[in-house]
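Right, one structure below, let's go through it.
Residue numbering restarts at 1 for every chain, and letters A, B, ... go by the order of the sequence lines.
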Amino acid sequence: MTPASRLPRAFFARPARAVAVDLLGKRLVHRTGVQRAGGIIVETEAYCDAVEPDLACHASKNRGRPTGRTAVMFGPPGHAYIYFTYGMHWLFNIVTGRAGQANAVLVRAVAPLEAEDLMAARRQRRAAGTAQPPSPLPRSQWTNGPAKLTEALAIDGRYHGADLCDPGCPIWIEDAPPVPGDRVRAGPRVGIAGVPEPWRSMPWRYWIADDPFVSPHP
DNA sequence: AGCACGATTAACT
DNA sequence: GTTAATCGTGCTC
């Protein structure tokens, strides 16, 4: 069964920055069997807004030509661009814009909404070797980061390239009321200190003001 | 064929 | 504030 509120391709077929802002307040859902886990998107980042090269974007590698890793980003909008980083973390993006352009939006944080016990279990550290009961991870830290939310929602590389607009896809974005414009904040993207200016400082990270699940530090 | 490093996180001083 | 964990990718030799 597919919810009628699954966002259609037209939503994603727009410039990355517009989609990144409009994704705030929407719901990211992953169905595994009969279980559903999901959260309200509270933080995003736009990459490769197509006007000119964005050196912070993976698609700018290989002189801006597609590679095995980035090919999905050059494809049609509404598909998942998921990649593995630091040897241990999966990051979830949605392809935006139109085919031929390499645009994407990174989902950096969500607020837990459904199946919270399931998310907590997925995020709970395994007891390392010695039999010491791991202290429960606070709810505030379940999904407040790009790699934390993929772990909590069990999203990984198997969904790389998946069409989120396909009624059969177990991952989708559910429509929800938009966040008022005066509640949206913008600032530089996180974790790209090695990227040259001006791209390093472009304010293409968006979040909901004062939301407790926005990723820490930055 | 080899290598430096990353759209991060958690644990540590 | 600092650093280890951990490995696929893109770039250099």
What interatomic distance, in whole Å, is found between P of C/dT3 and the corresponding atom of B/dC5? 16 Å
Which whole-number value in Å describes the distance from A/R108 CZ to B/dT8 P? 5 Å
If I take atom CZ in residue A/R123 and atom C1' in nucleotide B/dT9, what distance separates them, rounded to the nearest angstrom? 8 Å
Taking all non-hydrogen atoms of both residues into account, name the closest pair between A/T143 and A/V110 and its distance. OG1-O, 2.6 Å
Are A/H58 and A/Y47 an aromatic pair by the rule of ring centers under 6.0 Å? no
Looking at A/R63, I'd like to know whether one of its side-chain N or O atoms comes within less than 4.0 Å of OP1 or OP2 on C/dC11. no
Rounded off to whole Å, could you give me the CD-to-P distance for the A/E43 and B/dA7 pair? 15 Å
To the nearest Å, how far apart are A/H160 NE2 and C/dG8 C1'? 12 Å
Starting at CZ of A/R69 and ending at P of B/dA7, how long is that distance when rounded to a whole Å? 7 Å
Given B/dG6, B/dA7, B/dA10, identify the nucleotide with an atom nearest to the side chain of A/Y86. B/dG6
Spell out, yes or no, whether A/V19 and A/I171 are grouped together once hydrophobic residues are joined by side-chain heavy atoms under 4.5 Å, including indirect joins. yes
What nucleotide among B/dT8, C/dG10, B/dA7 has an atom nearest to a side-chain atom of A/A147? B/dT8
What integer distance in Å separates A/L137:CG from B/dA10:C1'? 10 Å
In whole Å, I'd like the distance from the CG atom of A/N103 to the C1' atom of B/dA7. 15 Å
Under a 4.5 Å cut-off applied to non-hydrogen side-chain atoms, are A/M202 and A/P188 in contact? no
Going hydrophobic residue to hydrophobic residue with side-chain gaps under 4.5 angstrom, can you get from A/W172 over to A/L118? no
Any side-chain N or O of A/T85 under 4.0 Å from OP1/OP2 of B/dT8? no
Side-chain contact check for A/H58: nearest option of C/dA5, B/dA7, C/dG10 is B/dA7
Look at the side chain of A/F84 and decide which nucleotide, out of B/dA7, C/dG8, B/dT8, has an atom nearest to it. C/dG8
When you measure from the side chain of A/H89, which nucleotide among C/dA5, B/dT8, B/dA7 comes out closest? B/dT8
Heavy atoms under 4.0 Å, any strand shown: does A/L106 hit a base, just sugar-phosphate, or nothing? base
Let's test this: given Watson-Crick or G-U wobble pairing with both distances under 3.5 Å, identify the partner of B/dA7. none
Tell me: OH of A/Y206 to P of B/dA7, nearest whole Å? 19 Å
Mapping A/K148 and A/C57 onto DNA chain B by nearest heavy atom, which one lands closer to the 5' end? A/C57
In Watson-Crick or G-U wobble terms, with both distances under 3.5 Å, the base opposite C/dT6 is none
Compute both the distance and the angle, then confirm whether A/R14 meets the cation-pi test with A/F11: under 6.0 Å from the six-membered ring centre, within 45 degrees of the axis. yes
For A/R189, which contact category applies under a 4.0 Å heavy-atom criterion: base, sugar-phosphate, or nothing? nothing
